[in-house]
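Structure record follows, encoded as structure tokens.
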Amino acid sequence: FLPRPETDEQGGILAKDIHGKLIPGSQILAAPAHSRALVAGLSGEPTYLTVTEQGELHPWGIVDNCTHLGCTFPWNGNANQFQCPCHGSLYDAEGRVLRGPAPLPLRLTHAKIEGDYIRLSPWTETDPRTGKTPWWV
Ligand code: FES
């Protein structure tokens, strides 16, 4: 038995909780559809994962780092928005800016179930929200 590597050649990592423990994918997927889970992602950055309508892991994670001045922010499920408490920026459920001063959409990572865990890896392809090269690449 060989344990899965926590990091891979593409810069991917397995998602962890706030205590640095690997998070089982089953734990995230046990939540209701549209739930958000905050995990430690690439470079330890807090990253939101989403459970889809079908009870699967949404294929992208959204980095919890406001594109204005870098504050972290909560998910407001009632408003269906990310709401930055620092200067009032609002983002939709997919991380698009609804209201500034944030100038850019939130960064994405790839997210997928890998065995018992969740692998996050850098998103370098076209941003599916804008159809353009991601601003963070
Ligand atoms: Fe989020 Fe300023 S850091 S609005």
Side-chain angles (χ1 to χ4, degrees):
F1 172 76
L2 285 174
R4 284 177 191 279
E6 289 190 25
T7 59
D8 62 26
E9 311 83 53
Q10 288 78 42
I13 54 103
L14 295 179
K16 295 181 178 177
D17 67 15
I18 194 171
H19 305 294
K21 288 180 53 181
L22 293 176
I23 299 178
S26 58
Q27 178 181 321
I28 302 295
L29 298 179
H34 308 296
S35 294
R36 304 276 170 161
L38 197 54
V39 303
L42 300 173
S43 304
E45 286 189 305
T47 302
Y48 282 100
L49 302 179
T50 307
V51 179
T52 68
E53 180 75 40
Q54 293 75 32
E56 298 169 346
L57 184 67
H58 195 284
W60 69 55
I62 296 177
V63 178
D64 182 7
N65 187 304
C66 184
T67 60
H68 180 222
L69 293 176
C71 285
T72 57
F73 45 79
W75 166 248
N76 183 326
N78 292 328
N80 211 32
Q81 295 173 345
F82 295 103
Q83 300 178 335
C84 183
C86 293
H87 312 96
S89 289
L90 302 176
Y91 301 89
D92 73 9
E94 296 186 327
R96 298 179 190 91
V97 177
L98 294 171
R99 185 179 81 195
L104 295 164
L106 297 169
R107 279 184 287 138
L108 302 180
T109 68
H110 289 283
K112 67 174 184 178
I113 298 289
E114 184 178 288
D116 293 337
Y117 299 106
I118 298 165
R119 183 164 297 279
L120 302 178
S121 54
W123 191 294
T124 57
E125 303 88 344
T126 299
D127 184 335
R129 302 166 301 183
T130 63
K132 297 178 181 167
T133 300
W135 63 264
W136 57 89
V137 171

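Here, residue 1 is the first one in the sequence, and each next residue gets the next number. Counting starts at 1 for both ligands and their atoms, following the listed order. Worth knowing before you read on, the calculation uses all heavy atoms, side chains too, and leaves out hydrogens, waters and symmetry mates.
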Quick check: does Cys86 have an N/O/S atom under 2.8 Å of atom 2 (Fe) of ligand 1? no

Under 4.0 Å from ligand 1, counting heavy atoms only, is it the side chain of Ser89, its backbone, both or neither? both

I'd like to check which ligand 1 atoms, numbered from 1 as shown, lie under 4.0 Å from a non-hydrogen atom of Cys66. 1 (Fe), 3 (S), 4 (S)

Is the NZ or CZ atom of Arg36 both under 6.0 Å from the centre of the six-membered ring of Trp75 and within 45° of that ring's axis? yes

protein heavy-atom neighbour closest to atom 3 (S) of ligand 1 works out as Leu69 N, 3.3 Å

Does either side chain, that of Gln81 or that of Gln83, offer a donor lying less than 3.5 Å from an acceptor on the other one? yes

Atom indices of ligand 1, in the order listed, that fall short of 4.0 Å to a heavy atom of Cys71: 3 (S)

Kindly determine whether Cys71 and Cys84 satisfy disulfide (SG to SG under 2.5 Å), including the steps that lead there. CA-CA 7 Å; Cys71 285; Cys84 183; 4.6 Å; no

Would you call Asp92 and Arg96 a salt bridge, taking side-chain N to carboxylate O under 4.0 Å as the test? yes

Suppose you place the vertex at atom 2 (Fe) of ligand 1; what is the angle out to His68 ND1 and His87 ND1, to 10°? 90°

Tell me, do Thr72 and Leu38 make a side-chain contact under 4.5 Å, heavy atoms counted? no

